[in-house]
Structures are given as C-alpha cells and as structure tokens.
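Along the sequence shown, residues carry numbers from 1.
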Amino acid sequence: MQGRSHPPDWSAIDTVLLDMDGTLLDLGYDKRFWGGHLPRRFAEVRGITVPEAHDLMRPIFESTAGTLDWYCIDYWSRALDVDILALKRATRHEIDWLPEARDFLARLKSAGKRVALVTNAHPGILGIKDAHLGVSRHFDAVYSSHDFGDPKENAAFWPRFAAREPFDPARTMFVDDNASVLAAAKAHGIRWLYAVRRPVNRAPARAPNGFPGVESVLELLEGLAD
C-alpha cells in the first residue's frame, strides 16, 4: 500500500467512479495494441517498415495528446487508413482484467455503493471489451467521455458528466491511473481520489504522482463492511 496516505472512510462514500483501462483492465493490452499491433498494420497498408511507421505516426499522436481525438478510433481510422475496430476485434483475446478487480467490484456491489464506469475509451472499443469480458454487468451505469465532448482530463468534462450522473463530490470516490484526469476530478471537488500505480500487470509500480496510490484497487476495501 505504499503511497496511500489516507485510507477511505467508507461511511463517507456513497458513489464510486472508476476508470477502465489501467484501473480495472490490464493496460498492457492497450500498450501492445498502439505500440505494436497498429504500427505493424499501418506498415503493411503503406508498404513500409515498422520503424518507418512509428516515425510517421509519432507526430500525429503528439498533435492529439490531451484531446478527445487521442481516444477516438474514428479519427485514427481516418488518419492512418486502418480499420481500428477490426484490428481491436482481431486482438481482443489479449484483453484481460487486472488481478483482484472483479473481487473489488463484487464487494462494492454487495456493500450497496453506486458504482459507475467513467472511461475515455471510444464507445466502439468499450463495446468490444464489454462483449469480451462482461464489464458493464458490474456497474450501475457506464459512461464514455465521447458522449460529453471532452476527455476526463479536461475541466469541461466534469460538470457535463455531473449533469448526467448526479453525485455529491464530497461523498464520492474516483479511481484512475492518469494523474491529469485525477487533477481535473480534484478541481471539480471530488474528495476521495486514488491513483492506480500498477496499471500494467507484472510491470513495476509507478512512483507516487501527487495522489494517494494503490497497486491494486482491492487495497481500497479496508474497512468496507458488506
């Protein structure tokens, strides 16, 4: 539990908002997809080498960082002339839960907390991962930032989200692996914020990033009564 400076007081929490990739699902798949599967397919389409594909893709990625396009498979399919959804479906067998994530979700449900998934993933990607793993059945509600016009790291996202999913920020927990997203949630007033420090299973834990950290979401259940 290194880095977790204050455990949650579950008596003061009604709503739990959870990120998907890197918080509940192993981010290793996404890293392999964007860093391996996609550049190889792009190289095949263009008739170039994989290193050349990386060189061509890099400035496009850099220009979209922090925007909704960064997470938009429609944008990337057009920009790279690659059917992203088809490639995701072909590699979906690599998608998996992080250890203990399902146990955590089951405990939250049995404790009667309202649990909502809040992801930057494109609805098409969310649909593939849900069909493969049954993600949505663990939640009272599921939201993609694409439905709100801004990613979670942008301040404009949170009031729009709160209008759709009313919650008391002072009695809400939010868990994510992205410090920029957590900073935006903090600015909105969400009290209980935690960073997942091991978003890739079997990879080294990240250093503290300014927020209380856990290596696994299951660590947050201390003091939660069923």
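Contact check on Arg46 versus Asp81 returns no salt bridge, with no Lys/Arg side-chain nitrogen under 4.0 Å from an Asp/Glu carboxylate oxygen. Electrostatic pairing of Arg78 and Asp69 does not count as a salt bridge here, judged by no charged N lying under 4.0 Å from a carboxylate O. Under a 4.0 Å N-O distance rule, the pair Asp140/Lys109 does not qualify as a salt bridge. At a threshold of 4.0 Å, the pair Arg171-Asp9 does not count as salt-bridged, since none of the basic side-chain nitrogens sits closer than that to a carboxylate oxygen.
The backbone N or O of Arg206 lies less than 3.5 Å from no partner atom in the side chain of Arg198, so there is not a single donor-acceptor pair. Side-chain N or O atoms of Thr172 include none that pairs as donor or acceptor with a backbone N or O of Phe167 at under 3.5 Å. In terms of modelled atom types and a separation under 3.5 Å, the side chain of His188 and the main chain of Ala155 share no donor-acceptor contact.
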Apply side chain to side chain donor-acceptor pair (under 3.5 Å) to residues Glu52 and Thr49 and explain how you reach the verdict. CA-CA 5 Å; Glu52 287 171 336; Thr49 67; 3.2 Å; yes

Given side-chain contact (heavy atoms from CB on, under 4.5 Å), test Leu98 with Thr23 step by step and report yes or no. CA-CA 7 Å; Leu98 281 169; Thr23 297; 5.7 Å; no

Is there a side-chain contact (heavy atoms from CB on, under 4.5 Å) between Thr15 and Trp192? Walk through the geometry before answering. CA-CA 10 Å; Thr15 302; Trp192 302 97; over 6 Å; no

Could you go step by step and tell me if Lys152 and Asp176 meet the salt bridge (charged side-chain N to carboxylate O under 4.0 Å, His left out) rule? CA-CA 10 Å; Lys152 294 182 295 180; Asp176 204 294; 2.7 Å; yes

Residue pair Leu17, Met173: steps toward the side-chain contact (heavy atoms from CB on, under 4.5 Å) verdict: CA-CA 6 Å; Leu17 307 177; Met173 172 189 287; over 6 Å; no

Show your reasoning for whether salt bridge (charged side-chain N to carboxylate O under 4.0 Å, His left out) applies to Asp130 and Arg137. CA-CA 9 Å; Asp130 187 27; Arg137 69 169 176 257; over 6 Å; no

Let me see the working for Arg32 and Asp26 under salt bridge (charged side-chain N to carboxylate O under 4.0 Å, His left out), right down to the final yes or no. CA-CA 11 Å; Arg32 291 191 300 274; Asp26 190 344; 5.6 Å; no

Can you list the steps and then say if Asp30 with Lys129 is a salt bridge (charged side-chain N to carboxylate O under 4.0 Å, His left out)? CA-CA 11 Å; Asp30 299 274; Lys129 293 185 175 183; 2.9 Å; yes

Worked check of side-chain contact (heavy atoms from CB on, under 4.5 Å) between Asp19 and Val181: CA-CA 10 Å; Asp19 173 49; Val181 171; over 6 Å; no

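Under a hydrophobic clustering in which Ile, Leu, Val, Met, Phe, Trp and Tyr are joined whenever their side-chain heavy atoms come within less than 4.5 Å, directly or via other members, Ile73 and Val135 fall into the same cluster. Linking ILVMFWY side-chain heavy atoms closer than 4.5 Å, directly or via other members, places Leu27 and Phe33 in two distinct hydrophobic clusters. Under a hydrophobic-cluster definition in which Ile, Leu, Val, Met, Phe, Trp and Tyr are linked whenever side-chain heavy atoms come within less than 4.5 Å, directly or via other members, Trp34 and Ile125 are assigned to the same cluster. Taken together through direct or relayed side-chain contacts under 4.5 Å among Ile, Leu, Val, Met, Phe, Trp and Tyr, Trp70 and Leu25 form part of one hydrophobic cluster. Residues Val50 and Phe42 are members of separate hydrophobic clusters, defined by side-chain heavy-atom contacts under 4.5 angstrom among Ile, Leu, Val, Met, Phe, Trp and Tyr.
Rounded to the nearest 0.5 angstrom, Ser144 OG and Met20 CE are separated by 8.5 Å. Here the CG atom belonging to Leu126 is positioned 9.5 Å from the CG atom belonging to Asp147, to the nearest 0.5 angstrom. The distance from the CD atom of Glu215 to the CZ atom of Arg197 is 5.5 Å, given to the nearest 0.5 Å. The distance from the CG atom of Leu18 to the CZ atom of Phe139 is 5.0 Å, given to the nearest 0.5 Å. Taken from CZ in Arg160 to OH in Tyr143, the straight-line distance is 16.0 Å, to the nearest 0.5 Å. Within the model, atoms CZ of Phe61 and CH2 of Trp76 stand 4.5 Å from one another, a figure rounded to the nearest 0.5 Å.
Inter-residue side-chain proximity for Leu38 and Leu87 is flagged as met; some heavy-atom pair is nearer than 4.5 Å. Using a 4.5 Å cut-off on side-chain heavy atoms (C-beta onward), Val175 and Val217 make contact. Contact of the Leu80 side chain with the Ile60 side chain is registered, since non-hydrogen atoms from C-beta on lie closer than 4.5 Å. Between Leu182 and Asp177 there is no side-chain heavy-atom pair separated by less than 4.5 Å. Here the side chains of Phe211 and Lys186 are in contact, with some heavy-atom distance below 4.5 Å. Side chains of Arg114 and Asp14 form no contact here, defined as non-hydrogen atoms less than 4.5 Å apart. When side chains are defined from C-beta on, Phe174 does not count as touching Tyr194, because their heavy atoms never get closer than 4.5 Å. Contact check for His138 versus Leu117: no side-chain heavy atoms found under the 4.5 Å cut-off.
Residues Pro39 and Ala53 share a closest heavy-atom pair of O-CB, 3.5 Å. Across all their heavy atoms, Leu224 and Ala111 have their closest contact at CD1-CB, 3.7 Å. The two residues His122 and Gly124 make their nearest non-hydrogen contact at ND1-N, 2.8 Å. Contact detail for Gly22 and Val196: the closest heavy-atom pair is O-CG1, 3.3 Å. Here the closest heavy-atom approach between residue Val200 and residue Gly28 is recorded as CG2-N, 3.8 Å. Between Ser216 and Pro99, the closest heavy-atom pair is OG-O, 3.8 Å.
Applying the 6.0 Å contact sphere to NZ of Lys113 captures more than 12 heavy atoms from other residues, nucleotides or ligands. When the shell of 6.0 Å around CZ of Arg92 is examined, it contains 12 or fewer heavy atoms from other residues, nucleotides or ligands.
Side-chain contact of Thr91 with Tyr29: a donor-acceptor pair under 3.5 Å is present, judged by distance alone.
Checked against Ser145 for a side chain to side chain contact (heavy atoms under 4.5 Å, CB included), the options Asp150, Leu68, Asn154, Val118 give a single hit: Leu68.
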